[in-house]
Structures are given as structure tokens and as C-alpha cells.
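Below are the C-alpha cells for one structure; questions will follow.
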Amino acid sequence: MVSVYRHYETSVVEVDALVETDRAVYVIEVKFRAEIKDVDDLLTKVKEVEKEYQAKRIIPVLAGTKISKAVRGYAKGLNVIIYQ
């Protein structure tokens, strides 16, 4: 790991957590009960982070205690990692 940020702020959005490694940047959104709109919101945040970390791969991660099968399927279809 290179760095870890809680409540990382871009010029437009705030990300719950951002973890930077040598090769990638993990954009992490944490929800108690995740919904499909939370996946879409996460991907919007990823686009903003991509502007600041153009040389690294950006990996979206949705973490939560209650993530339904429908939300997991939707997220996986968009290459979002689920951590439950």
C-alpha cells in the first residue's frame, strides 16, 4: 500500500475510502444496506477519481452488511467488487 484515505474528497464528490497501491487505486463505498443506485453512485465517483489517478487502474469496491443478490449481480456485471 502506498496510502489510505478516509473521506477522500475530489473537486466534486467525497469517497468513503480510497486505497492506493503501486499498481491500482481502490475506490471504496460503504453502505449498511446497498441498493442499485449506490452502485451507480460509486461508478460516478470512480470517474472523478480517474481524473486524478490517470496512470493507475481504478477498482471500484462496494462494501456493506446487507447487499441483496440483485445488487450483487448488477455490481458484478459492471466489474464492481463486492465486500460483504
Side-chain angles (χ1 to χ4, degrees):
M1 270 191 281
V2 174
S3 57
V4 177
Y5 302 98
R6 291 182 61 212
H7 306 290
Y8 181 83
E9 292 187 30
T10 70
S11 60
V12 181
V13 296
E14 181 182 305
V15 176
D16 290 339
L18 187 134
V19 177
E20 182 183 2
T21 67
D22 292 337
R23 298 181 185 161
V25 174
Y26 295 83
V27 178
I28 304 166
E29 188 68 19
V30 180
K31 297 290 180 189
F32 176 74
R33 178 173 296 169
E35 299 178 11
I36 287 178
K37 71 175 186 66
D38 296 321
V39 175
D40 295 333
D41 291 345
L42 171 59
L43 293 175
T44 299
K45 293 177 181 185
V46 164
K47 289 179 183 176
E48 289 301 316
V49 172
E50 283 176 332
K51 294 175 185 176
E52 296 179 18
Y53 290 92
Q54 295 178 356
K56 293 189 178 186
R57 181 175 171 219
I58 308 297
I59 301 170
V61 179
L62 179 62
T65 56
K66 295 184 180 186
I67 303 175
S68 71
K69 186 175 181 179
V71 173
R72 286 194 311 267
Y74 181 71
K76 288 181 183 181
L78 294 170
N79 296 317
V80 173
I81 295 173
I82 297 294
Y83 185 78
Q84 187 173 14

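All heavy atoms count here, side chains included; hydrogens, waters and symmetry mates do not.
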Qualifying salt bridge (charged side-chain N to carboxylate O under 4.0 Å, His left out) pairs, either residue in residues 64-84, two or more places apart
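Residue pairs passing salt bridge (charged side-chain N to carboxylate O under 4.0 Å, His left out), neighbours aside: none found.
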Indicate yes or no: at least one non-hydrogen side-chain atom of Val61 is less than 4.5 angstrom from one of Ile28.
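Yes, their side chains come closer than 4.5 Å.
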Can you name the side chain to side chain contact (heavy atoms under 4.5 Å, CB included) partners of Glu14, sequence neighbours left out?
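So Glu14 forms a side chain to side chain contact (heavy atoms under 4.5 Å, CB included) with His7, Glu9.
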Quick one: name the residues clustered hydrophobically with Leu43, using the 4.5 Å side-chain heavy-atom rule over I, L, V, M, F, W, Y, and just say none if it's on its own.
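In the cluster with Leu43 are Tyr5, Tyr8, Val15, Leu18, Val25, Val27, Ile36, Val39, Leu42, Val46, Val49, Tyr53, Ile58, Leu62, Ile67, Val71, Tyr74, Leu78, Val80, Ile82.
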Hydrophobic cluster identity match, Ile81 and Val4, side-chain contacts under 4.5 Å
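The answer is yes; both residues are in one hydrophobic cluster.
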Does any pair with a residue in residues 40-55 pass salt bridge (charged side-chain N to carboxylate O under 4.0 Å, His left out), and if so which ones, sequence neighbours excluded?
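Every salt bridge (charged side-chain N to carboxylate O under 4.0 Å, His left out) pair that includes a residue of residues 40-55, provided the two are not neighbours, is Glu29-Lys45, Glu48-Lys51.
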Applying side-chain hydrogen bond (donor to acceptor under 3.5 Å, both in side chains), can you list everything that pairs with Lys56, at least two apart in sequence or on another chain?
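For Lys56, the residues satisfying side-chain hydrogen bond (donor to acceptor under 3.5 Å, both in side chains) (neighbours in sequence not counted) are Glu20.
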Who passes side chain to side chain contact (heavy atoms under 4.5 Å, CB included) against Ala24, sequence neighbours left out?
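Residues passing side chain to side chain contact (heavy atoms under 4.5 Å, CB included) with Ala24: Thr21, Tyr26, Arg57, Ile59.
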